[in-house]
Amino acid sequence: METERVTEFPLSHVDLRPRKRQRLGWDVGPQVTKAQVGLFCGQDVGNVTSFAPAWAPSDSISSSLVKHDKIHGKMGEGTFGQVLECWDREREEMVAIKIVRGIKKYREAAMIEIDVLQQLGKHDKGGNRCVQLRNWFDYRNHICIVFEKLGPSLYDFLRKNNYRSFPIDLVREIGRQLLECIAFMHDLRLIHTDLKPENILLVSPEYVKVLDYKGSPRSPKDSSYSKRVPKSSAIKVIDFGSTTYDRHGQSYVVSTRHYRAPEVILGLGWSYPCDIWSVGCILVELCSGEALFQTHENLEHLAMMETVLGALPQHMLKKADRHADKYIRKGRLDWPEGATSRGSVEAVRKLPRLQNLIMQHVDHSAGDLIHLLQGLLKYDPLERLTARESLRHPFFSRDNLRGY
């Protein structure tokens, strides 16, 4: 086993997926010059070469940060704004500062995130489930939120690993922690609504390289049959700007496409189970290295679900709202007749059944994992496992624990 200590992942924009999904959250933008970074930060930020000024907060924000923190560089950006890596001189620790654009909807989401993190912090005494809020301030219409600094997201780790799957025992530990976090939130009547690998961060950036003989290398530059495996399975959930309290009859669209539950697409209303569906999709992705439903269109998405999981229930199709009933004809999904292209039909046909997909990638515990996923990915949200029920599943039993 080769051990390699790392402090950060090199930035890359190569996405090997056939359909590149939109990069959100703390993801990295295009490269520009070091001079631009210094211009934004108002000081020498060291060896940082990536910065994307999609928006430009005033220099006074940076000046305000410099009073208390030494800015090391940019960690990432999204539609909300940007995240800076800083040294907190008072706490003597590295932190991540999320600077939110001074636009109403982003400010509102930031205040929701602050409120949720404060509520979670009151009950999560050990601070082991969700990213920890250190501080926040409003400076000239920009909400600035100070977080503990964590490692890369699960998606970024997969991407830098050429989308090689995680070992099943690591998937088990990540799944257990994720479900514990969701159970904790649901007990507080909170629904995350945007669970995805981008919003789950490894606590440590360190990894080891292990031999990997499964299949040929996916990249011409990667001729060594090895892959990266995190040294620690510890994770934390981030991005609570879309989190909401449970209310009856919520029907607006939530979740990033690939992790969106069928009841959301069909306009049937949603609640806690939409988070559980997302967890099921995430676990499959960690096992296979690829998103389960790689699509950007509703009808194709529903058709993919039927290929992987079987036919959608009649009672759900009958209750579809006016926006979704165009996907239904004579009591069934209008597929392949309603497909937008022959390529779309082929993409759906190529998908394997859930059982076969898992068996392709999992050496042991495949039976338990398939049974768990069938419970997490139940079409009817009333029949879907809860987070607490999932944690009692045999997949997470002591007999299956192997030291992660």
Side-chain angles (χ1 to χ4, degrees), residues 21-22 24-25 109 112-113 116 119-120 129-130 154-155 175 177-200 237-286 291-302 304-306 308-310 312-313 315-317 319-321 323-324 327 354 372-391 393:
R21 67 191 189 191
Q22 185 180 3
L24 301 172
I112 289 171
E113 180 164 24
V116 169
Q119 292 300 316
L120 293 172
R129 298 181 177 96
C130 310
L154 295 183
Y155 176 77
Q177 293 173 79
L178 180 56
L179 284 164
E180 285 178 349
C181 178
I182 300 311
F184 167 67
M185 292 186 65
H186 289 182
D187 287 346
L188 297 173
R189 298 187 61 246
L190 290 168
I191 309 170
H192 189 285
T193 78
D194 197 21
L195 294 170
K196 55 185 176 180
E198 288 92 332
N199 287 341
I200 305 166
V237 175
I238 67 165
D239 199 345
F240 299 90
S242 301
T243 299
T244 181
Y245 285 97
D246 181 41
R247 298 181 182 90
H248 180 69
Q250 298 180 115
S251 59
Y252 57 91
V253 176
V254 292
S255 306
T256 299
R257 161 65 71 188
H258 304 75
Y259 312 95
R260 188 174 297 157
E263 65 268 22
V264 178
I265 299 173
L266 294 172
L268 303 178
W270 50 266
S271 185
Y272 305 108
C274 75
D275 280 347
I276 301 301
W277 179 276
S278 299
V279 171
C281 295
I282 291 167
L283 293 184
V284 174
E285 185 167 350
L286 298 183
L292 178 56
F293 301 117
Q294 295 191 48
T295 178
H296 295 283
E297 193 270 325
N298 282 335
L299 179 56
E300 184 181 84
H301 196 170
L302 294 169
M304 286 181 165
M305 290 180 185
E306 289 202 328
V308 174
L309 302 168
L312 284 152
H315 72 274
M316 292 181 68
L317 294 177
K319 293 179 181 178
D321 72 3
H323 299 291
Y327 309 128
L354 179 66
L372 171 65
L373 291 171
Q374 288 171 336
L376 297 174
L377 297 174
K378 284 278 189 184
Y379 284 129
D380 190 333
L382 297 177
E383 297 178 6
R384 210 170 291 157
L385 290 173
T386 67
R388 293 287 177 202
E389 289 169 345
S390 301
L391 287 166
H393 191 276

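Quick caveat: nothing in here was measured; it's all calculated off a predicted structure.
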[X] to [Y] - nearest heavy-atom pair and separation:
X: Pro381; Y: Met316; answer: CD-CE, 4.3 Å
X: Asn199; Y: His192; answer: ND2-CE1, 4.3 Å
X: Leu120; Y: Phe240; answer: CD1-CE2, 3.8 Å
X: Val237; Y: Cys181; answer: CG2-SG, 3.6 Å
X: His186; Y: Ile276; answer: CE1-CD1, 4.4 Å
X: Lys378; Y: Arg384; answer: O-NE, 2.8 Å

Could you check Gln119 against Leu188 for side chain to side chain contact (heavy atoms under 4.5 Å, CB included), going step by step and ending with a plain yes or no?
CA-CA 9 Å; Gln119 292 300 316; Leu188 297 173; 5.8 Å; no
Kindly assign one of parallel, tilted or perpendicular to the pair His296 and His258, based on the angle between their ring planes and the thresholds 30° and 60°.
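Geometry flag for His258 against His296: perpendicular rings.
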[Y] side chain reached by [X] side chain, heavy atoms, under 4.5 Å:
X: Met185; Y: Asp275; result: no
X: Tyr272; Y: Arg189; result: yes
X: Val264; Y: Val253; result: yes
X: Ser390; Y: Leu376; result: yes
X: Leu266; Y: Lys319; result: no

Applying side chain to side chain contact (heavy atoms under 4.5 Å, CB included), run through Ile182 and Arg129 and close with a yes or a no.
CA-CA 9 Å; Ile182 300 311; Arg129 298 181 177 96; over 6 Å; no
Check this for me: does any side-chain nitrogen of one of Asp239 and Lys196 sit under 4.0 Å from a carboxylate oxygen of the other?
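Salt bridge flag = no for Lys196 with Asp239.
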Has [X] got a side-chain atom pairing as donor or acceptor with [Y]'s backbone, closer than 3.5 angstrom?
X: Gln250; Y: Ser271; result: no
X: Trp270; Y: Tyr252; result: yes
X: Asp194; Y: Ser255; result: no

Kindly compute the distance separating [atom1] ([X]) from [atom2] ([Y]), expressed to the nearest 0.5 Å.
X: Asp246; Y: Ile191; atom1: CG; atom2: CD1; answer: 4.5 Å
X: Leu302; Y: Ile265; atom1: CG; atom2: CD1; answer: 4.5 Å
X: Met304; Y: Glu297; atom1: CE; atom2: CD; answer: 9.5 Å
X: Glu113; Y: Thr243; atom1: CD; atom2: OG1; answer: 7.5 Å
X: Ile200; Y: Leu286; atom1: CD1; atom2: CG; answer: 7.0 Å
X: Thr295; Y: Arg260; atom1: OG1; atom2: CZ; answer: 10.5 Å

Go through the steps for Met305 and Leu377 under the test side chain to side chain contact (heavy atoms under 4.5 Å, CB included), then give the verdict.
CA-CA 10 Å; Met305 290 180 185; Leu377 297 174; over 6 Å; no
Report the residue from Phe293, Tyr327, Tyr259 that forms a ring-ring contact (aromatic ring centres under 6.0 Å, His included) with His301.
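Option passing the ring-ring contact (aromatic ring centres under 6.0 Å, His included) with His301: Phe293.
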Step by step, would you call Leu372 with Leu283 a side chain to side chain contact (heavy atoms under 4.5 Å, CB included)?
CA-CA 10 Å; Leu372 171 65; Leu283 293 184; 4.3 Å; yes
